[in-house]
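When reading the values below, keep in mind they use all heavy atoms of this one structure, side chains included, and skip hydrogens, waters and symmetry mates.
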2 protein chains.
Amino acid sequence: MSNRRDAVHAVLRQSEGFRSAQDVYAEMRAEGAKIGLTTVYRALQALADTGHVDVLRTDDGESVYRACASGDHHHHLVCRTCGRTVEVAGPAVERWAEAIGSEHGFTEITHTVEVFGTCAVCSTAARPARTPSRA
Amino acid sequence: MSNRRDAVHAVLRQSEGFRSAQDVYAEMRAEGAKIGLTTVYRALQALADTGHVDVLRTDDGESVYRACASGDHHHHLVCRTCGRTVEVAGPAVERWAEAIGSEHGFTEITHTVEVFGTCAVCSTAARPARTPSRA
DNA sequence: ATGATTTTGACAACCATTTTCATTTGCGCG
DNA sequence: CGCGCAAATGAAAATGGTTGTCAAAATCAT
């Protein structure tokens with residue numbers, strides 16, 4: 001039944017960071033799974049709707065998904081090089097958003113917060129290619 | 001030369017909230033301006049690159065632009081009904097993002113923060129959404 | 001089994017955005 | 001002026017992720 005959906009979910013679970021639909025589809029096909037792109041999209045949407053995975057948009061408008069450990073509201077710290085993602089909580093930010101909103105007479109406040117950076121591994125690996133001037 | 005670019009910029013200045021490229025293009029054509037969609041896109045990109053306008057992505061992946069009053073780093077409080085936008089500063093959030101990042105060994109931290117809500121006007125006039133942004 | 005219902009997936013349709021490329025425009029210079 | 005070059009422009013075609021279509025296949029209930 002939701003056999004396919006579970007398969008999709010499984011792929012996400014095995015992933016470190018966010019994956020795109022096309023990405024997941026490609027991997028599944030590469031592993032020999034018989035599944036259509038349409039189904040992957042539908043599974044991903046369903047999973048997102050039921051809150052089983054988190055979604056966000058990349059800078060170029062692509063939707064990327066991730067199976068998160070916590071079902072609670074949280075944000076992400078994403079390495080812009082390797083994509084590794086850390087789930088972070090930010091009570092302070094939640095309160096700030098609420099405060100800012102009501103301060104301006106807004107209700108039903110929601111917010112999107114994502115933090116990007118270069119993780120320790122990637123920053124040491126990709127050091128500034130400066131010519132060793134031996135000085 | 002940047003005659004078109006200025007024209008595009010002008011349209012954004014007159015707008016209350018974020019506008020899409022197609023949107024801006026439509027308005028300009030409606031006003032009789034002779035301009036191509038391609039040029040609008042290019043102008044918007046250029047404006048964004050030079051930091052003259054802010055860009056963000058809607059939930060459905062469309063890019064929307066806004067001429068912001070402040071050139072400094074700031075975030076937005078956007079009414080999800082009428083689109084009215086308030087520029088807000090959030091020193092606390094900036095510090096939080098930095099802290100979270102370095103706490104996990106990440107460097108070159110950047111972040112995206114957007115707050116959505118229903119503004120006072122729209123929440124009282126809880127009726128089938130009509131855009132009153134036009135006086 | 002048999003028909004009903006849901007799921008699937010190949011393929012076409014969408015649509016914002018980008019690319020292509022030929023034409024126009026701005027402009028310095030002889 | 002007129003010539004030519006280079007940047008700007010825009011119509012049309014290409015791109016590419018995502019969604020819609022619809023008939024075939026899997027699943028279920030009786």
Side-chain angles (χ1 to χ4, degrees), chain A residues 1-12 15 17-67 78 80 83 112 114, chain B residues 1-12 15 17-67 78 80 83 85 112 114 131:
Chain A
M1 196 185 285
S2 344
N3 198 359
R4 311 300 165 139
R5 177 145 61 195
D6 289 340
V8 170
H9 198 177
V11 171
L12 287 184
S15 305
F18 284 86
R19 310 281 305 265
S20 72
Q22 308 269 354
D23 201 7
V24 170
Y25 170 69
E27 177 174 324
M28 294 183 77
R29 291 307 284 255
E31 287 174 358
K34 286 225 182 52
I35 191 172
L37 182 55
T38 309
T39 306
V40 173
Y41 271 105
R42 276 193 290 240
L44 253 11
Q45 282 172 331
L47 254 6
D49 286 348
T50 56
H52 287 101
V53 304
D54 282 3
V55 202
L56 62 82
R57 293 260 180 184
T58 59
D59 283 343
D60 54 325
E62 208 177 6
S63 293
V64 286
Y65 307 80
R66 177 163 199 271
V78 186
R80 69 169 67 82
T112 66
E114 301 300 335
Chain B
M1 204 170 289
S2 341
N3 196 3
R4 312 297 167 144
R5 178 145 58 195
D6 289 341
V8 169
H9 198 177
V11 171
L12 287 183
S15 306
F18 284 85
R19 309 283 304 266
S20 74
Q22 307 271 357
D23 201 7
V24 170
Y25 170 69
E27 177 174 323
M28 294 182 77
R29 289 309 282 258
E31 288 176 356
K34 286 229 182 48
I35 191 171
L37 182 56
T38 310
T39 305
V40 172
Y41 271 105
R42 276 194 290 241
L44 252 13
Q45 283 173 330
L47 253 8
D49 286 348
T50 56
H52 287 99
V53 304
D54 283 1
V55 200
L56 65 82
R57 293 261 180 184
T58 59
D59 283 344
D60 54 324
E62 207 178 5
S63 293
V64 286
Y65 306 81
R66 178 165 199 271
V78 186
R80 69 170 68 82
T85 300
T112 66
E114 301 299 335
T131 306

Atom pair distance, as rounded to whole Å: CG in B:Asp59 and P in D:dT19: 12 Å
Euclidean distance, atom CG of residue B:Leu37 to atom P of C:dC15 [Å, nearest integer]: 14 Å
B:Asn3 CG to C:dT25 P, straight-line distance once rounded to whole Å: 13 Å
Sugar-phosphate only, base, or nothing, as touched by B:Ser20 at under 4.0 Å among non-hydrogen atoms: nothing
Among D:dG10, C:dG9, C:dT18, the one nearest B:Ile35 by side-chain distance: D:dG10
Donor-acceptor contact present, side-chain B:Thr85 to main-chain B:Gly83, <3.5 Å: yes
hbond_proxy B:Arg4 side chain to D:dG10 base (donor-acceptor, 3.5 Å cutoff): no
Spacing between A:Arg5 atom CZ and C:dG9 atom P, to the nearest angstrom: 13 Å
Side-chain H-bond candidate by donor/acceptor type, B:Gln45 with B:Tyr65, under 3.5 Å: no
Atom-to-atom span, CG of B:Asp23 to C1' of C:dA16 - whole angstrom: 13 Å
Sugar-phosphate only, base, or nothing, as touched by A:Gln22 at under 4.0 Å among non-hydrogen atoms: base
Nucleotide D:dC22, atom P - distance to CZ of A:Arg42 in whole Å: 14 Å
Under 3.5 Å: donor-acceptor pair, side chain of B:Thr50, backbone of B:Ala46: yes
Presence of donor-acceptor pair under 3.5 Å, side chain of B:Thr38 and base of D:dA11: yes
For A:Val8 against A:Val40, the heavy-atom pair lying closest together: CG2-CA, 4.4 Å
Candidates D:dT18, C:dT20, C:dT17 - which lies nearest the side chain of B:Tyr41: C:dT17
A:Asp60 CG - D:dT15 P separation (whole Å): 17 Å
Side chain of A:Ser63 (C-beta onward), nearest among D:dG10, C:dT8, D:dT18: D:dT18
Atom pair distance, as rounded to whole Å: CD in B:Glu62 and P in C:dC14: 18 Å
